[in-house]
Structures are given as structure tokens and as C-alpha cells.
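Here's the structure we're looking at; comments come further down.
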Amino acid sequence: MRSLTGCVTYLTAPITTLKLALIGCSRSPVLLFYSPRPAPFYHPGPKIAAVFTQGPELLAVGGSQLFLHEPETSAAGASVTTPPVVHPACRPSCGPVFLSLIFVSGVRYGELNMGSVTSFFGGLCRKEVKKEEERLFRANDRPYNLSYQYANNAIRTSKYNVFTFLPLNLFEQFRRLANAYFMFLMVLQLIPQISSLSWFTTAVPLVLVLSITAVKDASDDINRHTSDKQVNNRMVNVLIDGELKKEKWMNVQVGDIIKLESNQFVTADLMLLSSSEPLNLVYVETAELDGETNLKVKQALTVTGDLGDSTDLLAHFNGEVRCEPPNNRLDKFKGTLSLDGQTYSLDNDKVLLRGCTLRNTEWCFGLVIFGGPDTKLMQNSGKTTFKRTSIDHLMNVLVLWIFGFLASMCAILAIGSAIWEVREGSVFTVFLPRDPGVGAGLTSFLSFWSYVIILNTVVPISLYVSVEIIRLGNSFYIDWDRKMYYPKNDTPAHARTTTLNEELGQIKYIFSDKTGTLTQNIMAFNKCSINGKAYGELFDFSGQRVEITEKTEKLDFSSNQLADPKFIFHDHSLLETVKEGNPEAQDFFRLLALCHTVMPEEKKEGELYYQAQSPDEGALVTAARNFGFVFRSRTPESITAMEMGKQVTYELLAVLDFNNVRKRMSVIVRSPEGKLTLYCKGADTIIYERLHPSCNKLKEVTTGHLNEYAGDGLRTLVLAYKDLDEDYMDKWRKRHHEASTAMDGREEMLDELYEEIEKDLQLLGATAVEDKLQDGVPQTIEQLAKADIKIWVLTGDKQETAENIGYSCNMLREEMKEIFVMAANTPEGVKEELVNARRKMCPESADEPSVISSRAGLFWLQKIERVEDEKVEGEYGLVINGHSLAFALEKDLHLELLRTACMCQTVICCRVTPLQKAQVVQLVKKYKQAITLAIGDGANDVSMIKAAHIGVGISGQEGMQAVLSSDYSFAQFRYLQRLLLVHGRWSYLRMCKFLQYFFYKNFTFTFVHFWYAFFCGFSAQTVYDEWFITLYNLVYTALPVLGMSLFDQDVNDRWSSQYPQLYTPGQLNLYFSKKMFVRCMLHSCYSSLILFFIPWAAMYDTVRDDGKDIADYQSFALLAQTCLLIVMSVQLCLDTFYWTAVNQFFVWGSLASYFAITLTMYSNGMFLIFTSSFPFIGTARNSLTQPNVWLTIFLTSLLCILPVVAYRFIVLQLRPTINDKVRHKLRKEALPAPAPRRPPHQAYQHPTLRLRLLPRSGLRRPGDVPPLPAEAAPEEPPPVLSDRLSSGSEPAAALPHHRRGSGGCSEPVGWR
Amino acid sequence: MGKVKPGPLARRPDNSAFQQQRLPAWSPMLTANTVLPFFYFMALICMLLGVWLLLTVQSTEELKLDYTEAGTCNLCFEKRKNVSNAAQPCICTAVFNIKKAFKGDVFFYYGLINFHQNLRRYMDSRDDAQMVGRKNNLKSPSSYCMPFDKDKNGVPIAPCGAVANSIFNDSFTLSYMSSSGSVRVPLLRKGISWYTDKNIKYRNPSTENMTLPQVFEGTAPPLYWQKPVYDLDPLDKNNNGFINDDLIVWMREAAFPSFKKLYGVLHRANKPFINGLPAGNYSVEISYNFPVQYFRGRKEVVLTTLTWFGGQNHFLPIAYLVTSCLILLIAILLTVFWFKFGKNGQNMEE
């Protein structure tokens, strides 16, 4: 073990690794997670956390691919081979370092039949290879490469083969507690002294459950086998002995050179050598890898690109590659290529990953770096953490209770047995001698176990199976819902996790991203500020601002042949300024045309398409294009643009990438005139820090504009440039080259270099891009708020932008008493603000938070701390910015934050990092014990999506990462309403009804045995026929209860959305809790008393109408079981709210099948064939024809059911629940006409209008932002507009989104 | 999933009522209009049923005679206390009086109290395959019969098991003491078991020209039996072996520790029994064999007449009457509640 003596920064040292997450917080130590398993193939394995904490609690757990970023200074992937140990002495010196968490990718490769499920055994069986620390191999040198024993390109995702299937699969299945328990019961039943039931009563259900699972597993595995085989047998051209030969994928070795053609899958992780395209570019689609559909460009080194497609040259290529060992980070690759004594840097740009598809590229050659299991794709096919619902936890606790209860019942009966044996049994030995050596004591001990067998039905095996079926069914409903289908993208909703449904009905907190979630993430260049002058607004003659509508005249770009016809802009002055040749304006657009990562596509001359990874960039480049600076093509070394009709080619010297920490991007170009310029665009705060003091004045003006834009909810970027001199640049480039080929500390060195050159910038101006609010967002938020769900918005945007969005989507309302803004820069300040806010809301609140500690979970091992909700009069809002949030999330302040935030109706956190998002979710999750939901669309939301109980991904513009790590996905935020208020509520209701009924039916069933024990000398005689015991859960009652829990609806979907209050019982756990469980037990206790003693009293002294026997054991068993089944069916009918034909069919069918099966089993034939198994011959015929039997059944049913009806009726009259009220209303009124297209109260309360009426100064702390320029000050909109809006007659599409507000949503309830 | 539809809406879910959860359905609700009439109606039904059943039950006659120590039987009772006297016959007589004539068919039962035929190990201790006449099982009885599967010499027991071994072996002769002297009451001892038992569940091994004793050769009678199974009914050759009615009746184990089993039915062919049992004094002569003192049991004789409803069981009629009253009570309560709280629907307002 090598100890890593260092502190945080040391961890960034690039040592190779498995997985590691490094998380920290300001001024606090670091947590490290690493995987102890040397070969992480398939199996991420358990993470062990080396925790160094004096401060914050554990924030994230392994399983995800996390790596470290250190903002402001350097970004680096921290990777450690050996358990890193941070030297204790270093800890205090770590200083305030912010570490943020970035998810590389939540990619799961499950959909490709490659097997997302990993096998523990797979890992075990594989030979434990010594962990690779660095990979070294030579091209075209198989013998040499083979000596390292790198994995070849064959993959194996299957878990079993023919021989291992049975043992392994059974072993896996018996690891489940329920199965093991039933196995144990079966073993008990094989002991003749104990066996109170025939073996088949347990064996039949167990075998059925096991075999269903086994068949499912087997078919899955066969699928994996076939897909493995198919993939392994794909053919590819491999260069062997100087010739291209067809070879199977699985035979490809590390170091081989292979040729790929267009539209082929990439065979393995390759280093790109050469390609058919100019400049050795290739285009790949990575949809299968990370879900993103846009094409990505990869480029080979020039030195290898020169090899071309000459097999001769390629066959003699003998480069040596040294690179990192296999890992699962998709966006990072580090390595070097040594060729003829020269060393070249290899990075992610030169690597083609398995799982990608080659597009638009005729051919390319690649050198295999990682094969098969070592590829990043396979390394990523890990198991994701398994979420469980609160009902699951409750069920586990209840099952434990039940076990305890079972044990005590058995103990009581065993004591009874002992007493009976001493008093009665010992004298009855004349007729029934005891087995030799068995005394009363042993008999009672044996009867304990016998009763364990008989009473085992309290924990029925079918419970777990049924629960899974119900959840699966309810997940399918979500997939099938047309009202959550978004036709524009052809995207249906999708339940990616099928085990969390009922939790959707219990959500208390929603954490939402803003961009792409609340907004459309379709960007439009809206305004800009160039050299202190603002463009994009229209003014009338008196200098009043004119609202821009659909009818406003658009700019005509027809003179520019390359302009994008869809681009819309209204301000003529900007075009004129550019045309006049204003140098700043030209520089402004030149920057936009040069500084980006957009890929152009020009299939036909003049028909330009841009492939942009971020919609913002696309919007900006398009703007430049329309204003005469057309970005046309790019090569790795140059960018070609049409500047005001002239073609200009810039030499591209360096690209300083964007990332979440840098929050800026720069390019360094050389113009045809030889001028060296650095162009930079980025977040305002970041750029402002790097400006030359000479532009202070301009900065002030621009800040004013920026605030105005942000106030309008626009996304802003600041543009700056810097002229460079040739000498400096030469030196810098050299250092840059060194840094980028370095194997150690590459990222830090680069960051340092970037930091050095990106300073003393000259401000150019700012852009404002509009992101329209999605349809129906305000309505959805309003409905969710009515359902008592608290919504927190966590956004990376500026405070002003976030606030404005808050208003326009109805989260912040003018009715709110006050909106607190937390923007302090010190912990003390934050604390003061938080406490002040709390005092204002609730003056009498205690100083110290009331934390209630309790224990819960299995065996009460889990410690729970809970902060109670505090009552607040009126509604408040809270806006907190990133700096304050960082302080507030610290140990000593986080409870303060939680208390204050939870008192507010709305919480908006701005400038939040992904890690903080997760922290906020964790905080609420931990101390509120409430169910949380996180919704987002981008990679920066992945952390909170994973942290929350339920993660929802919006399948929108920003790739698929959020969706891939989410539990539910759909295309529009407004579907959240339906997901929660309709599907979630129903699922919860159904699950609770199911559990209540299920426990009721099994307890009743079992208690009857208990009562009978007092009549049969505690001898563990069953009341029912063994076959009935076998089939009761499996056949007779399975389908009706499934039918209820798949179809039941208390009120239909329209009423569910109409009355969001219906949602609240779920948040309070009202439908199924420990209390309900106890009530359930008492109810079944009552029922079982009726079900045993009524038949007993009716039968014990009775005979048939012909004088023959009917009080015999078999007839009584038949009577008791028939009574039970009928009562259970009637009870089910009583519980069912929603009677479809299927329910009817299931109930009647089950009853009919009971009689049919019973008559069959008690028939002559069955007895004569299986004499010992069916001794009940003739019982049905002899007793079911007796009137007194039916009179008994009728009486027991009445006595069981009528009290329930009476109780429910009284409760309904005295204290109707919200459900009852709505149902009552629903009966009284016919269903209203389809929900109005725009609910009137929403249409009239236009968010924009409210926003404008609001005294905005109330929002800001004094001295925060300079007052707005006069012409941009908020003002009353022209009355014409508000009239139009409220009448709803005017299409509102042309309005900026925040003004459209609800107008954009014509269908509040959903699509169609 | 499944078929891939072409076109821009390829992934749009089907608009079926099932998938959209719009299946037509009936959603009933507990309202005063349904619940209250239902309760009153049920109360009425139960009342009618109760009265009817009560009248029916009242029309039956029943007489129970605990003869464990009655009359001269106390001598036999004492005798049976000693195991060594088990083989000695003991006959005693009990006397009783019928005040009101038993009209119609009269059924004669013997009853046992506190005899646990429903113990698990007891009930399992039998071999149905043997009793359905399988020759294999005749010679090698099932292990469930242990320890009554083979006798001391290892000879298989037929019928094996604790149930058969403990067969009730008292026999009764009922006499009517009329003014003209004692008349024996004729009892039909056949047709007292279930048809399915007599004809399907119990069969003798196929005789194939052999006599029954020959078939059972090589088997021993159960330990407590005085007679072998093929000689249970000396009067009727066809009532022997496993299809002996008394055996079949005994083998149908009772569900509860106190039970009665049919012994015979009054044969109403001759006077004075054509209309049933006339009132008067009766004596029953008991061949007192079955020991009950070990387990503190009692033995009794039951004479009863029947209706369509079976014997004289007062429970159901009374239960129906009580239930009816309860339902009525609840119904009134519900009505009051409804009037006070539910009628104007103010609780239903939000």
C-alpha cells in the first residue's frame, strides 16, 4: 500500500485507477471512495470509503463515476491505484477548497442486451489478474503485445452456461430472504414428526416462483448469449501480415490495426490512425455510448494520418503506445504515442470508443487500445444503485413484526400443547401412543415447529411476487400514457425503474433544474450589448419601449445569401451598425463566429447546418451568421468564415475548452493579416475578473445591460478579446505542447496555462439569449403546489434570471408576504440572514432546531434525525445564491438553512454547482424524512437525480445523460403533474389497498388455524384441506386482488388533476402505515373469530338431513374454507372502487374455479388415482348439498361484512376524507366538460403583469445592483397588450417567453 | 415495443381503453340510499330465516342419554378401568323415558365426549390405499399407521392405524317397555354411511373366488379388536371387511373432540313403530366395551328425529335471530347518524 501523503491537491495526481470519488467541502477534509477490487470488469464492486471527516457528512456514495474537480484553479480527474491515505498532518492545511462533483456519465449499457446486470460470480470466476497500472503495447507486434496478456476483443455478458445455470441460478435465488425462508419451511416439512402439512403445500408455490424466475433469467441469459455471439462474430478488416483480412471481432487483439468503413460499429477502443476525410477527421455518433445523437469529430495525429490507407505503410507502422489502464471515464483519455523517437500526446480526441458508429467517413484505420471487457463501454456497464421505496422499507419492518408475531403465536400454541399433553394427551396414549422417546416436552417443542409450518401463511411467498407484478403493471401504464406522449419529438414517457411507482404518490419535495426543464432549452439570440450600447429593444418616437409581438416587423437578412431564414431579430440599428463597419460590432460577431465548438455541415453549397453541442452556442453562431459573419467550415488548424461577403481563413492556434469550472471558452487565432488574437466568451463573473482595468467604464455600462437582461430572464454571456504578440505566443505554444503531452498532472498544467493567458482581456460586449418557458409550466407548478408539494428550483443561472423565471412560472407570487434573498459572502452573514428570515416568518420559533432522533429500519439499526415542520402564517419565498448556499450547507448552518427554507413556499437556489444540487437534496432527504423527487435534463442534474428518492429526466435538447440515470423520463415538464397526481396517486393507492387486503386475507386465513388449535389438542392439525392451503394464495385469491391493484381508481384522471388535494394523503402515509397494519390485524382477528366459531357452533352437533355425518373433519374443512373464500371475495368487492369487467371476471372466475377445482379434487377419479393425496373424496358432494351448510356460509359472510360496511358508512358520514368528498361530488355532478383549455383564473393572472407591478427594489438587498438604465426600467405594459392576453384571442407566440407565461400553454391538462 | 409503426408518431402509445386506463367501469359508493335499505332488508331476511329455522328445529325431538355410569353401567365402567379385564364382556342396561312420541324417522347415535379424533397424528394414522382394497397395502401398510401397522409378530394389521384400532365397539339393543311387555326396537344398521364412502372410498380387496377370510389371510386384526375385520357383522356377509358400515362411520373422523356417530335408524315396518317411537319407557342394553375413563371421556346415546335442516341444533336459528336484532340496531344507528350528520351533506363540502 502506497500512502499518498498529501492533501487535496495531491489527489489530483494522475495515478491510474478504478473508481474514485473525491468529495469535499470548503475547509473540510475529504472523503475518498475507491473500489477494492482489482479488476472492475463488469462489476463495480463494493466501494470502501476512506473517510476523513471532521466536517461534512457523507455526501455521495460510490457506484457512480465521479471524479474530482477543483474549480478556479485546475480541473483534474483524480485517480488512485492504491488506497489513498491523506496524511493527517495535511488536513488542516487543505484550506478552503471547493470541490465539485462532476458526473462523467451515468450511462448504462443495459438496453443493448449486453447485460446491465452484473454477476458476482462473473467476477469471481475470472482469474484475478494483477492490476494494470499502465498499458504499453506496440502496433503490429502481436507476440510482444500478447506477453502482457491484455484481454482480447471477445466479450461475455452472460452469467451462466448450461452446466452452471441450475446451481448458480438457484443460489442467487435463495439469497433472497423470502425464498430462503420457504426453503427452510420445506426442510421442516420433511421431518415427519413436525410435518403438519404435506410437502407440496410449500413446494408447489416455491417451485412455481423459482421456476418463473429461473425461466426469466434463463431467457435473459440466452438473449445475452446470442447477442454476445452475434457481436463476437461480427467481421472486421484487420491488418495481418501486411494484408487486410476479414476477422471476427472476438479475435482482434490489442495492437492490431483495423479498418472501419462508414456506418460500421467501432470494434474496440481504437486510437485513430488515418481516415479518408481531409485532415484525418472522422465523424462518429455516440448515441449508444452516451445517448447523444449529434455527430462528434475525432481527429488523428498528423504523423499517423500520413499513413493514409496504404497497407504497406500501415503494416510497418511500429508506434508504441503508453496509456492509462482500462477505466470507465468516457470523456477522458490519456496516453502517448512514441514513434521514431518522438512522443505525441494522445487524448480523447484521437480515440474512437467501442459502441460508437462511424458516420460520413468513407474509411478509417485505427489501432486497438482496449479490447472487449477493457473497453470503456463495457467498463461502464455497471450495476446502478438500487433504489427502494418507503413502502419496501415498511414492508420489511412489518415482515419482521410478523415473524415475531408468528413466533409468539407458535409459542402460545406450544405451551398449550405442553399443557394439553400433560393433562389429556398422556391419558389418550392408549389410543394414540407417543413415538418412543417423545415426552410431553418434546411434543410441545415439535408442535412449535409444526405450527411454524402451518402459520407460515402470514408471510406469504406470493406477496413479493404480486408486489412486483403490480409495480410492473403500473409502470406499463406510464409507458402507455398518451397524455404523457410528446408528439413533437415522438417521445413517450418511460418508466425506467419499475419498482418505485407507489413512491410517486408520496412526493413532498420537488427539486427542479431550470434550463431545459422549466424552459424549452431552445435558444434564440435576443439582445446584445456591444461596446456599451444595447441592441434588441424597439422604441417608439417618444422613447417608450415597444413590446415585440408576432406582428412586429422582422429584420430582412435576404441580402445575406448564407443567412438562416429562421433567425428572427427586430432591431434594425444593429444590422445598420454592422454594415456601417463599426469595428467593435464586427469584432463582436467575429468572435461569435470563431469562438465555439459548433460543427458546420454544408451538404450543398450555401445550405449550412450547424451541429451544436449546446443550444446556446448554436444560437450565437447563427446570430453571427445572419449579421454577416458566417462560420463556414473548420479544420483542426483553421476556421473559415465569410466576413461581410469576403471569405477569410483564420489559423486556429489553440482552443481553450469550456467546462463547468472554467465557465468560459477561448480560441487563439491568427488572422490572414497575421494578427494574433485571443477571443473569449464566458460567464460574466468569470470574465469580469480577467478584464484589463482599462475597460472599467465599459464594464459598468455593460453590467447595467446584463442586469437588465437577467431581469428579463435571459441567459447572458460576456465577450472579450485580447491581442497577443508573436514571441509570447511562441513560448506559450511550446509550453502548451509540453503540458498536453504530459502524462502526469496534464490537466493542472493546462489549467495553469489557460489561466495565464486569459487575463487582461478587453471587453467587447454581452449577449442575451432567450430560453422560452415550456408549455404549461406555471399551471403545473400551481397544481403541484396545491397538492402540497414544495418545489425548489436549483439552477446554475444568475440570481436575477432565476428570480424572473420564478415569477413567470408562478413560483414566486406577488401575494407572497416577502421574498428573502440570501446573498452574504461570509458564514456569519449567511447565518444572520437565515435567522432574520426565520424570525420574520415565525417570531416565536425556537433558537435551536428541534431535532428528533429516533431509530427505524430493520432491527431499529438505522438512526434517524428529523426536523419537524414549523408552522408559518402566509407564504414566503427564498432566493439563495451559490456562495451563500455553500456556507449554508456546512455542518453548523445546514439545519438553519433547512428550517428557514422549509418554512418558505418556494425556494430558488441560483449559481448552484452539481454537487450542491445533490447536497441540497440530501439535506432535505436526511432531515425531513420526506420523499423527494429531482427533475432535470442535463449532465449537471445527474447528481441530484441520483441523490433523490426519485429521479426524473427530461428527454430534451441536452443529450441523454439525465435520462439515462433517471427513474422516469418524459419530454415536457408539465407531464410531471400527470405522473404524480394521476399515476403516482393511483399507484400508491393501489399498492396500499393491495397490502391491506393481502395482509387481511392471510391473517384471517392463519388465525382460523390458531383458534382451531384449542379444539384439536394443539396437535397442529389444519383447519383446511392441504390443497386449499396450497392454492389459496396462488389460485383462488391471486387474480382478484391483482385485478383490484391494477385497475382500481378512486376517481378518474380528470378529477385527480382537478383536485390536487387528493394527493396529500400519500405524503402523510395515510393509506398504509404501521397503524393501518395493526388495524388490519384486528380486523382479521375479528373475521377469523367469526369464520371459525360460527361454523363450529353450527356444525359440531349437527347431522345431515338423512342423519349421516356432517360434523366430520373433512366436511368442516370444506365449510370453513368456503366461508373464508366467500368472505374474502366479498371483502375484496367492498374494497374495490372501480369495477371493470376484468375485475368482475376475476372475482367470479376465481370463485368458480374454486368450486370447479374442489369438485375435481374431491372426485372419485382423483381419489382412485392419487389415493393418499386426495382423501377428501365425496366431501363436496355430501356437504355442499346441505341447506344448513349454506345457511352457515351466509351467516358468516353477513357477520364479517356488515360491520365493515357500517363502520365505513359512519366514517363517511362523520369524517369523510378528501377522497370521499371528491367521490361524492363526482356522483352529484356529471363529469364537467373537458377541462377548459385555459383555466380562467390562470389566464387572467398573467405572470408578466404581476411581475411588473411588483416593487422590484424589494427583491434586492441595498447596494447589490446599480439601478437600471432609465429606458429599461420596469413599467406598465400598454393596456392593449393585457387586453389581448386576457381575452386569449391573440396568439402569443411572438412574445418573449416570460411575457407569454400561461399563454403558451393551451392545454393545461396534458397533450390532447 | 413490438411492431414498429412508420411515421412521425411511431412511438405514440395505442389509444386503447385498457392502456389509457379508461376501461368502462362501475364505481359504487356507500350512500345512504343503498346502505340503509340494505341493512333493513338484511335484518328482515335474518329475522324471517331465524323464525323459520327455529320453528323447524322446534319440530324435532331429541334425547341424549349419558350412559357412561348410568344404571348398571357403573359396574362396567369400573370393570373397564382395569386393563386386564379388557377381554371380558360386560353388559349393562340403561333406562330412559320418552315423554312425547318421536314422529317420523328416528335416528340412533352413539356419542363420545372428549375423544380427540382430530389429533393430527391420530388422523394421519390410517392407510386409505389399504382400505380401498389395494393388495400391496394390505400386506405392507403405510408407515403412517405406525405403531399400529404390524403386530408383535410382524404380521401386517388390516385395517392398520390408530383410527381403526380405536373403533368404538359398544353395541346397543334398544327395547320399548310397553304395557304388553318389552318390545325390541328394530334398528336398521345399514345405509348409515356416505354413499361415496361405502362405494368408492372403502372397498374390500378383490376376492377372485376366495372367501373374505382367505383374502385377509396373513393379516392380523388391529390390536384392540376382538373380531377380525372380515367377521365384523356375522349376520350379513356383505357388511364385512373394509366396507362394514360401522367401520366406515368410525373412520370418518370427527372435527371436534365431542361428536356423535350414526348407529342405526328406526325400522318402521311394524307396530308400534310405524309412526316413529311412541312415548313411554325404554331400556337400552349395552355391550360395554369401549373404555373412556382413561381420557376422562363420556359416552352417550342420542335419539333424534330430523328435518330438512338436520338434527336439533338450536344454534343457527338463534344466531340468525340475534344477528337480525344486531343488524336492526346498527341500521337504526346508521339512520340516526345519517340524519344528524350526513343528510344535508355539510360534511361533504370541502
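In the text below, chain A, chain B and the rest are named by the order of the sequence lines, each starting its count at 1.
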**Prompt:** With N137(B), which residues qualify under side-chain hydrogen bond (donor to acceptor under 3.5 Å, both in side chains), at least two apart?
**Reply:** D127(B)
**Asked** Taking R482(A) for the side chain and S16(B) for the main chain, is one N or O donor matched with an acceptor at less than 3.5 Å?
**Response** no
**Asked** Non-hydrogen atoms of chain B under 4.5 Å away: do they reach the side chain of S426(A), the backbone, both or neither?
**Response** neither
**Steps toward salt bridge (charged side-chain N to carboxylate O under 4.0 Å, His left out) verdict (D490(A), R11(B))** = CA-CA 6 Å; D490(A) 189 25; R11(B) 293 164 66 198; 5.0 Å; no
**Item:** Evaluation steps, side chain to side chain contact (heavy atoms under 4.5 Å, CB included), between L306(B) and D1105(A)
**Value:** CA-CA 6 Å; L306(B) 295 182; D1105(A) 55 1; 5.9 Å; no
**Item:** Residue part contacting chain A, namely of K261(B), when any heavy atom lies under 4.5 Å
**Value:** side chain
**Request:** Among F1116(A), F1209(A), F1167(A), F1047(A), single out the residue with the greatest number of heavy-atom pairs under 4.5 Å to chain B.
**Result:** F1209(A)
**Message:** So, taking the atom named OG1 in T304(B) and the one named CG in D1101(A), what distance separates them when rounded to the nearest 0.5 Å?
**Reply:** 9.0 Å
**Complete:** Rounded to the nearest 0.5 angstrom, the CE-NE2 distance for M29(B) and H1224(A) is 7.0 Å
**Asked** Got a sec: does the OH of Y1207(A) have more than 12 other heavy atoms crowding it under 6.0 Å?
**Response** no
**Request:** Under 4.5 Å heavy-atom distance to chain B, tell me which part of S195(A) shows up: side chain, backbone, both or neither.
**Result:** backbone
**Message:** Please identify, among T491(A), L1046(A), D1106(A), the residue contributing the most non-hydrogen atom pairs under 4.5 Å to chain B.
**Reply:** D1106(A)
**Prompt:** Can you tell which of F1018(A), W986(A), Y1138(A), Y1100(A) has the highest number of heavy-atom pairs within less than 4.5 Å of chain B?
**Reply:** Y1138(A)
**Prompt:** Is the distance between the ring centroids of F431(A) and F148(B) under 6.0 Å?
**Reply:** no
**Asked** Can you tell me how far CD of Q1021(A) sits from CD of E253(B), rounded to the nearest 0.5 angstrom?
**Response** 8.5 Å
**Request:** Heavy atoms only, distances under 4.5 angstrom: which of A1020(A), P1187(A), G1017(A) has the most pairs with chain B? Name it, please.
**Result:** A1020(A)
**Asked** Should V430(A) and F295(B) be marked as a side chain to side chain contact (heavy atoms under 4.5 Å, CB included) after you check the CA-CA gap, both sets of side-chain angles, and the distance that decides it?
**Response** CA-CA 9 Å; V430(A) 182; F295(B) 55 88; over 6 Å; no
**Asked** If you count heavy-atom pairs under 4.5 Å between each of L1168(A), D1050(A), T1136(A) and chain B, which one has the most?
**Response** L1168(A)
**Message:** Given heavy-atom pairs under 4.5 angstrom as the criterion, report whether the side chain, backbone, both or neither of L36(B) touches chain A.
**Reply:** side chain
**Prompt:** V1142(A) versus chain B, heavy atoms under 4.5 Å apart: side chain, backbone, both or neither?
**Reply:** side chain
**Asked** How many angstroms lie between atom OH of Y294(B) and atom CZ of F428(A), to the nearest 0.5 angstrom?
**Response** 13.0 Å
**Item:** Under 4.5 Å from any heavy atom of chain A - which part of S258(B)
**Value:** backbone
**Item:** Selection from F259(B), F38(B), F115(B) maximising heavy-atom pairs under 4.5 Å formed with chain A
**Value:** F115(B)
**Check: D1109(A) side chain, L262(B) main-chain N or O, donor-acceptor pair, under 3.5 Å** = no
**Prompt:** What option among D481(A), L1191(A), T1102(A), I1177(A) has the most heavy-atom pairs under 4.5 Å with chain B?
**Reply:** L1191(A)
**Request:** Before giving the answer on side chain to side chain contact (heavy atoms under 4.5 Å, CB included), spell out for Y1012(A) and N118(B) the whole-Å C-alpha distance, their side-chain angles and the decisive distance to 0.1 Å.
**Result:** CA-CA 10 Å; Y1012(A) 188 55; N118(B) 59 0; 3.5 Å; yes
**Message:** Tell me if the CE atom of M1166(A) is crowded by more than 12 foreign heavy atoms within 6.0 Å.
**Reply:** yes
**Over all atoms of both residues, closest heavy-atom pair of V1205(A) and F39(B)** = CG1-CE1, 3.7 Å
**Prompt:** Hey, mind stepping through D197(B) and K1108(A) against salt bridge (charged side-chain N to carboxylate O under 4.0 Å, His left out) and telling me if it holds?
**Reply:** CA-CA 12 Å; D197(B) 284 355; K1108(A) 293 172 187 174; over 6 Å; no
**Asked** Can you find a heavy atom in the side chain of L30(B) that is under 4.5 Å from one in the side chain of Q1213(A)?
**Response** no
**Per-residue contact mode, L53(B) against chain A (heavy atom under 4.5 angstrom)** = side chain
**Asked** If only atom types and distance count, is the side chain of R1223(A) paired as donor or acceptor with the main-chain N or O of P28(B) below 3.5 Å?
**Response** yes
**For W194(B) against N1182(A), the heavy-atom pair lying closest together** = CE3-ND2, 2.9 Å
**Message:** By the definition side-chain hydrogen bond (donor to acceptor under 3.5 Å, both in side chains), identify the one residue from Q130(B), R134(B), K201(B) that meets it with T1171(A).
**Reply:** R134(B)
**Request:** Return the minimal non-hydrogen interatomic distance between N1188(A) and L316(B), and the atom names on each side.
**Result:** O-CD1, 3.9 Å
**Request:** Give a yes or no answer on whether the side chain of Q19(B) reaches the backbone of Y477(A) with a donor-acceptor pair at less than 3.5 Å.
**Result:** no
**Within-4.5 Å side-chain heavy-atom neighbours: N114(B) and E424(A)** = yes
**Request:** Flag yes if more than 12 heavy atoms outside Y144(B) fall under 6.0 Å of its OH atom; otherwise flag no.
**Result:** no
**Prompt:** For D128(B) and P1175(A), which heavy atoms make the closest approach, and how far apart are they?
**Reply:** OD2-CB, 3.4 Å
**Item:** Residue part contacting chain B, namely of L1212(A), when any heavy atom lies under 4.5 Å
**Value:** both
**Message:** Using every non-hydrogen atom in the two residues, find where I330(B) and A1206(A) come nearest and quote the distance to one decimal.
**Reply:** CG2-CB, 3.6 Å
**Asked** Under 3.5 Å, side chain of S1019(A) to main-chain N/O of R120(B), donor-acceptor pair present?
**Response** yes
**Prompt:** How many angstroms lie between atom CD1 of I45(B) and atom CZ of F1194(A), to the nearest 0.5 angstrom?
**Reply:** 6.5 Å
**Asked** If you draw a 6.0 Å radius around CZ in F1093(A), do more than 12 non-hydrogen atoms from other residues or ligands fall strictly inside?
**Response** yes
**Prompt:** Of the non-hydrogen atoms in P13(B) and D479(A), which two are nearest, and what is the gap between them?
**Reply:** CG-O, 3.7 Å
**Message:** Assess the residue pair R423(A) and R296(B) against the criterion (side chain to side chain contact (heavy atoms under 4.5 Å, CB included)); give the C-alpha distance rounded to whole Å, side-chain angles, the decisive distance to 0.1 Å, and a yes or no.
**Reply:** CA-CA 10 Å; R423(A) 293 185 50 200; R296(B) 293 188 285 278; 4.3 Å; yes
**Request:** Sort and list the pairs that fulfil side-chain hydrogen bond (donor to acceptor under 3.5 Å, both in side chains) and have at least one residue in residues 21-36 of chain B, not counting sequence neighbours.
**Result:** R990(A)-Q21(B), N15(B)-R22(B), T31(B)-T34(B)
**Message:** How long is the straight-line distance from CH2 of W308(B) back to CD of Q1186(A), given to the nearest 0.5 Å?
**Reply:** 10.5 Å
